[in-house]
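To keep things clear, I will list the structure first and then write my remarks on it.
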Protein chains: 2
Amino acid sequence: MSLDLYQLRAFFNVAQTLNFSEAARKMCVTQSAVSHAVAKLERSAKGELFKRTGSRLSLSESGKILYRACETVFYALEKAEEGMSAAEGRSLGAIKLGATVEFGTTQLVKFLKGFMESDPGIQIDFRFDHELLRPLLKDELDIIIDCKNHNAEGLEKTPLFREEYVVIAVREFVKRRGIRSPGDLSRCRVLSIDKSAKWWGNFLNALPAGGRPEFSSVTEMTHIRAIINAALEGLGVGFVPRYCVEKELQDKRLVNVFPHLKLLEDNFYAYQKAGRAGLGRHRKLLDYLKKNIPRL
Amino acid sequence: MSLDLYQLRAFFNVAQTLNFSEAARKMCVTQSAVSHAVAKLERSAKGELFKRTGSRLSLSESGKILYRACETVFYALEKAEEGMSAAEGRSLGAIKLGATVEFGTTQLVKFLKGFMESDPGIQIDFRFDHELLRPLLKDELDIIIDCKNHNAEGLEKTPLFREEYVVIAVREFVKRRGIRSPGDLSRCRVLSIDKSAKWWGNFLNALPAGGRPEFSSVTEMTHIRAIINAALEGLGVGFVPRYCVEKELQDKRLVNVFPHLKLLEDNFYAYQKAGRAGLGRHRKLLDYLKKNIPRL
DNA sequence: GGCCGGTTATTAATATAATTCATAATGTTC
DNA sequence: GAACATTATGAATTATATTAATAACCGGCC
């Protein structure tokens, strides 16, 4: 039984996507090539690697075993490549970094400027998106920075820093509606990422169980920047990470509606696959972030 | 950089043997093929894998890194193959077992009879030789059973059982030479694997520092069986593992010259490469040996 | 030095294998 | 059952690996 790395790579991609065509696209070859490769691999392994029940594709028992081996193999080789690059005094490779749109575009890029200049051996590519976990699991991203709590197995989680949320509006809006306590929010327009206002959960949880307002008017806006702009226009109150509105608060265009309210803070984490946490470039990047990020 | 398993295998074999021609023989291809493969690998790795100083071949820094990765990779794949075989209900593969000539040919084969019959899914091939460690490190053997103390790194050592040594001679020889105490051996012919009688070290160490005989006549015989036969012929006294002469002692053709002397016992160990200790077939074999071997 | 036995590198020809294109087969959805 | 999307297959093409032959190299030796 003589395995072949190319075939294993094809198998690995198919296993991750459960889709031959997509795997082929990822590898920049035709679907036919992937099909041939996997078929040949199944012949050398003397057994089916995928269960093809109807059109549903899933890994067979053998396939699962081989998949785990592939992780080991590819990560070992990746690490070796990095080590060899370093030994030859060449670049440490690239990192595909994922982050949420708002945080990534405004903050992360700024924070990483120093790193990218001081360590040009590491090429960083950014992808800002709301969906981060799945691409990470499919190896389309190497590291993601997210304040969500992901718990997929085989994931390594590095706490980076905390973010603080604030309730914002323009001064005039607060005055006109007579907003003094959280309960008053039930009477005015509330801006939220989602219609069900789960976005405000963190705010509501910070209030005593009895005193939580029932929002009568929730306006959905799918982007944080839109919420901020709407608040600036005096359309309603928003609930956003403080770093997003630092400037607006400073020059008084927006006010922190409840400055004395102690809100729960969200943690920002970096996630990476556990097997790749040993990569030098990953360590370097995260070390930098841990050391050089100001508290938001 | 797209690595290739075949090239890695070639590199790995060259690294183990430090000899392209030998690696080629091991892989059943021409030396040219190996040379091409390694050259191509060096091109994809963008660096020399071997240092070719004069005709001396050695691993470069990059080569060392890649070598370790190869160990990880090949052992991971080997384990996956075994797992997949098991999942498909097929054989667990083969073990190349090494042991010392005397012990292996007379005892080990006997002990393993039951295992080979009860577990036909595991094919065991034997190699009896005095040199065991080097073939193990080169992956020519999978497990070796040896009473020597090997300390190479990355080796896993499993204690199996103890062997007891005895001083033997024919009764008539003992009587004629008037051998009563260890000191008397200085006067008669001593049979030893080596001319310097290091072979007898274990015996001498068991005596009080003052009372150790100085052998005046050492006859070298390179095989234990030869020593036993020589002793049977009344040529001298021998020093051999008890299991080798169990029968001769029982039917009184030989006598235990110093039955009350408490000799140090040698331990028998199984050695295998640490990375492969997780292989199911290895574990099964060693478990069997640990459970089913009588004390020698 | 010059020759020998051992090695590794190189070249061009050959053999082998992988990729594609085109298309068939299969399954899903409405 | 037609339209769509998927995966499998076969033959032609392309790319790659292997070989045989041979050159180049090294170290030891007379």
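Throughout, protein chains are lettered first and strands after them, A, B, ... in sequence-line order, and every chain is numbered starting at 1.
The CZ atom of B/Phe11 sits 15.5 Å away from the OH atom of B/Tyr6 when rounded to the nearest 0.5 Å.
B/Arg52 comes within 4.0 angstrom of the backbone, heavy atoms only, and of no base.
For the pair B/Leu97/B/Ile143, a side-chain contact is recorded, criterion being any heavy-atom separation below 4.5 Å from C-beta on.
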Quiz: residues 149-156 of chain A side-chain donor-acceptor pairs under 3.5 angstrom, not counting sequence neighbours:
| unit_1 | atom_1 | unit_2 | atom_2 | d |
| --- | --- | --- | --- | --- |
| A/Asn149 | OD1 | A/Lys157 | NZ | 2.3 |
| A/His150 | NE2 | A/Asp146 | OD2 | 2.9 |

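Judged by distance alone, with hydrogens and angles left aside, the side-chain atoms of B/Lys64 form no donor-acceptor pair with the main-chain N or O of B/Leu59 at under 3.5 Å.
Ring geometry for A/Tyr75 against A/Phe12 counts as perpendicular: the plane angle is over 60°, on a 0 to 90° scale with 30° as the lower cut.
Distance, A/Leu57 CG to C/dT26 P: 17 Å, rounded to whole Å. Rounded to an integer number of Å, the gap from CZ of A/Phe50 to C1' of C/dT26 is 18 Å. Atom C1' of nucleotide D/dC26 and atom CG of B/Asn19 are separated by 14 Å, given to the nearest angstrom. Rounded to whole angstrom, the span from the CG atom of A/Leu8 across to the P atom of C/dA18 amounts to 12 Å. In this structure, B/Leu41 atom CG and C/dA9 atom P are separated by 13 Å, rounded to whole Å. Counting to the nearest Å, the C1' atom of D/dC25 and the CZ atom of B/Arg56 are 14 Å from each other. Rounding to whole angstrom units, CD of residue A/Glu42 and C1' of D/dT9 are separated by 15 Å.
Between A/Arg276 and A/Glu78 there is a salt bridge, since at least one side-chain N of the basic residue sits less than 4.0 Å from a carboxylate O of the acidic one.
For D/dT7, the OP1/OP2 oxygens have no side-chain nitrogen or oxygen of A/Ser35 closer than 4.0 Å.
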Please list, pair by pair, any protein nitrogen or oxygen found under 3.5 Å from a nitrogen or oxygen in nucleotides 14-20 of chain D.
| unit_1 | atom_1 | unit_2 | atom_2 | d |
| --- | --- | --- | --- | --- |
| D/dA17 | OP2 | B/Lys40 | NZ | 2.4 |
| D/dT18 | OP1 | B/Tyr6 | OH | 3.2 |
| D/dT19 | OP2 | B/Thr30 | N | 2.9 |
| D/dT19 | OP2 | B/Thr30 | OG1 | 2.8 |
| D/dT19 | O4 | B/His36 | NE2 | 3.1 |
| D/dA20 | N6 | B/Ser32 | OG | 2.9 |

